[in-house]
Amino acid sequence: MPSISDPGASAPATDPAATAAHAARKLEKRLVRQVSAAIADFGLIEPGDKVMVCVSGGKDSYGLLDILRKLQAHGNTPFELIAVNLDQKQPGFPAHVLPQYLGGLGVPFHIETQDTYSVVKAHVPEGKTMCSLCSRLRRGVLYRLADEFKVTKIALGHHRDDVLQTFFLNMFFGGKLKGMPPKVASDRGDHIVIRPLAYVAEADLARWAELQQFPIIPCTLCGSQDNLQRQQIGQMLRDWQTQYPGRIENMAAALQNLVPSHCMDSRHFDFKGLQTTGVADPDGDTAFDDVPLPSASALARIAIREL
């Protein structure tokens, strides 16, 4: 029997605007889910916290502030937010952009003006990268502001790609297996620094910034310098992800799945005191066996965060 069409039935969603809106909602849910997971996994934000969000004018810090505001409004953990920007007096810096944007949000904010640009230019030889000195000066100012505003947490906009880039930078150039932790005490020991975007992919933040039309302010101090080691590592990771989809996710999962007995740091495993036990050990000598695939639970956890 031929089918009878129902004029009232809904047609397949082929409207580009509807499709785009659906994709935007999925992205928003993923971002909120991933930040919520990082907060829960690492205890990043606790009831009553006052969180200082460091807003640079880049896509990552805009995204961080936006997602934390959503969690503040709809989450179960009560906390305060204050947005802080450091105007480093870089030539051409549009000083009006952030006050206008933050004022429009209605979020408490503070713009701190410190001419660290001149200090960096005076002390770094021409052609050398400025990131290290710039970062130290910026940290000092932010720690002082954290004291003044009596905040309990300092939130930075580093994402999953930053975490992996830092890991490889330390391994290739610093001789350490050291990454960028989602929660850490400041170098002075008197502040807690958090990175709620630790599970979030940079590509998702870039797409969210485009959708939200954040007023991006490019960094003309260090961001314009070519051939930085971090940029090279970032390109390496992007190339890997293109050639081997899923590799970034596996590497990120590996940072949460350390096996000290299979490394070579005697500070974290007592190699000298190791004795036979007569008991089978799944972490025994399997160096030449096939590398096992991640467990179903590990794969499920990765999949949930990527949805």
Side-chain angles (χ1 to χ4, degrees), residues 19-20 22-24 26-38 41-42 58-60 63-64 67 131 156-182 195-211 223 225-265 268 282-307:
T19 301
H22 176 69
K26 284 185 63 177
L27 175 57
E28 179 180 8
K29 289 180 180 179
R30 179 163 68 247
L31 293 171
V32 170
R33 185 186 303 116
Q34 290 171 335
V35 171
S36 297
D41 288 351
F42 304 110
K59 68 182 189 311
D60 306 328
L64 173 61
I67 298 165
C131 297
L156 304 179
H158 298 122
H159 45 68
R160 185 187 69 187
D161 298 61
D162 289 324
V163 172
L164 287 171
Q165 288 171 22
T166 301
F167 175 80
F168 282 104
L169 280 168
N170 281 317
M171 182 168 64
F172 291 165
F173 303 107
K176 294 180 180 179
L177 292 180
K178 177 182 176 183
M180 181 181 278
R195 296 181 171 93
L197 300 179
Y199 290 151
V200 177
E202 181 178 19
D204 281 349
L205 289 167
R207 177 58 180 154
W208 188 244
E210 181 182 347
L211 290 171
Q225 293 180 287
D226 295 327
N227 301 318
L228 296 180
Q229 292 171 341
R230 182 173 290 276
Q231 292 177 357
Q232 295 172 358
I233 294 294
Q235 187 59 53
M236 178 192 76
L237 294 176
R238 287 189 291 273
D239 290 344
W240 279 353
Q241 185 73 347
T242 300
Q243 296 177 44
Y244 309 100
R247 177 170 287 190
I248 295 292
E249 290 76 15
N250 285 338
M251 288 189 295
L255 292 179
Q256 296 178 264
N257 192 23
L258 305 180
V259 185
S261 63
H262 283 49
C263 295
M264 297 176 63
D265 191 339
H268 297 283
D283 282 335
D285 185 14
T286 59
F288 295 101
D289 293 357
D290 291 335
V291 176
L293 294 173
S295 67
S297 60
L299 287 172
R301 188 166 68 175
I302 295 171
I304 289 172
R305 289 176 184 148
E306 291 304 312
L307 288 175

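Below, all heavy atoms of this structure are taken into account, side chains as well, without hydrogens, waters or symmetry copies. Here the structure is a predicted model, which means the values were calculated and not measured.
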Return the minimal non-hydrogen interatomic distance between Leu211 and Ala24, and the atom names on each side. CD1-CB, 3.8 Å

Residues passing the side-chain hydrogen bond (donor to acceptor under 3.5 Å, both in side chains) test with Asp162, sequence neighbours excluded, are His159

Could you tell me whether a side-chain N or O of Gln241 sits under 3.5 Å from a main-chain N or O of Ile248, the two making a donor and an acceptor? yes

Full working for side chain to side chain contact (heavy atoms under 4.5 Å, CB included) between Met171 and Leu177: CA-CA 6 Å; Met171 182 168 64; Leu177 292 180; 3.8 Å; yes

Walk me through it: do Thr166 and Arg230 pass the test side chain to side chain contact (heavy atoms under 4.5 Å, CB included)? CA-CA 8 Å; Thr166 301; Arg230 182 173 290 276; 3.1 Å; yes

Rounded distance [0.5 Å steps], OG1 in Thr242 versus CD in Gln235: 8.0 Å

Can you classify the ring geometry of Phe168 versus Trp240 as parallel (below 30°), tilted (30 to 60°) or perpendicular (above 60°)? perpendicular

Rounded to the nearest 0.5 Å, the CG atom of Leu27 sits from the CZ atom of Arg30 at a distance of 5.0 Å

Interatomic spacing from OH in Tyr199 to CG in Asp41 - rounded to 0.5 Å: 3.5 Å

Are Leu258 and His268 side-chain neighbours, meaning at least one heavy-atom pair lies under 4.5 Å? no

Any non-hydrogen side-chain atom of Asn250 less than 4.5 Å from a side-chain atom of Tyr244? no

Rounded to the nearest 0.5 Å, what separates atom CG in Leu197 from atom CG in Asp204? 11.0 Å

Can you give me the closest heavy-atom contact between Gln229 and Leu169, atom names plus distance? CB-CD2, 3.7 Å

Taking the side chain as C-beta and beyond, is there a heavy-atom pair between Asp60 and Val200 under 4.5 Å? no

Within-4.5 Å side-chain heavy-atom neighbours: Lys26 and Lys29: no

Work out which heavy atom in Leu156 is nearest to a heavy atom in Pro196; give both atom names and the distance. O-CD, 3.9 Å

In this structure, CG of Leu164 is separated from CG of Leu237 (nearest 0.5 Å) by 6.0 Å

Min side-chain heavy-atom separation Asp239-Met236 under 4.5 Å: no

Would you say that Arg160 contacts Glu249 through its side chain, given a criterion of any heavy-atom pair below 4.5 Å between the two side chains? yes

So Phe172 and Gln232, do their side chains get closer than 4.5 Å, heavy atoms only? no

Between Glu210 and Lys59, does any NZ, NE, NH1 or NH2 come within less than 4.0 Å of an OD or OE carboxylate oxygen? no

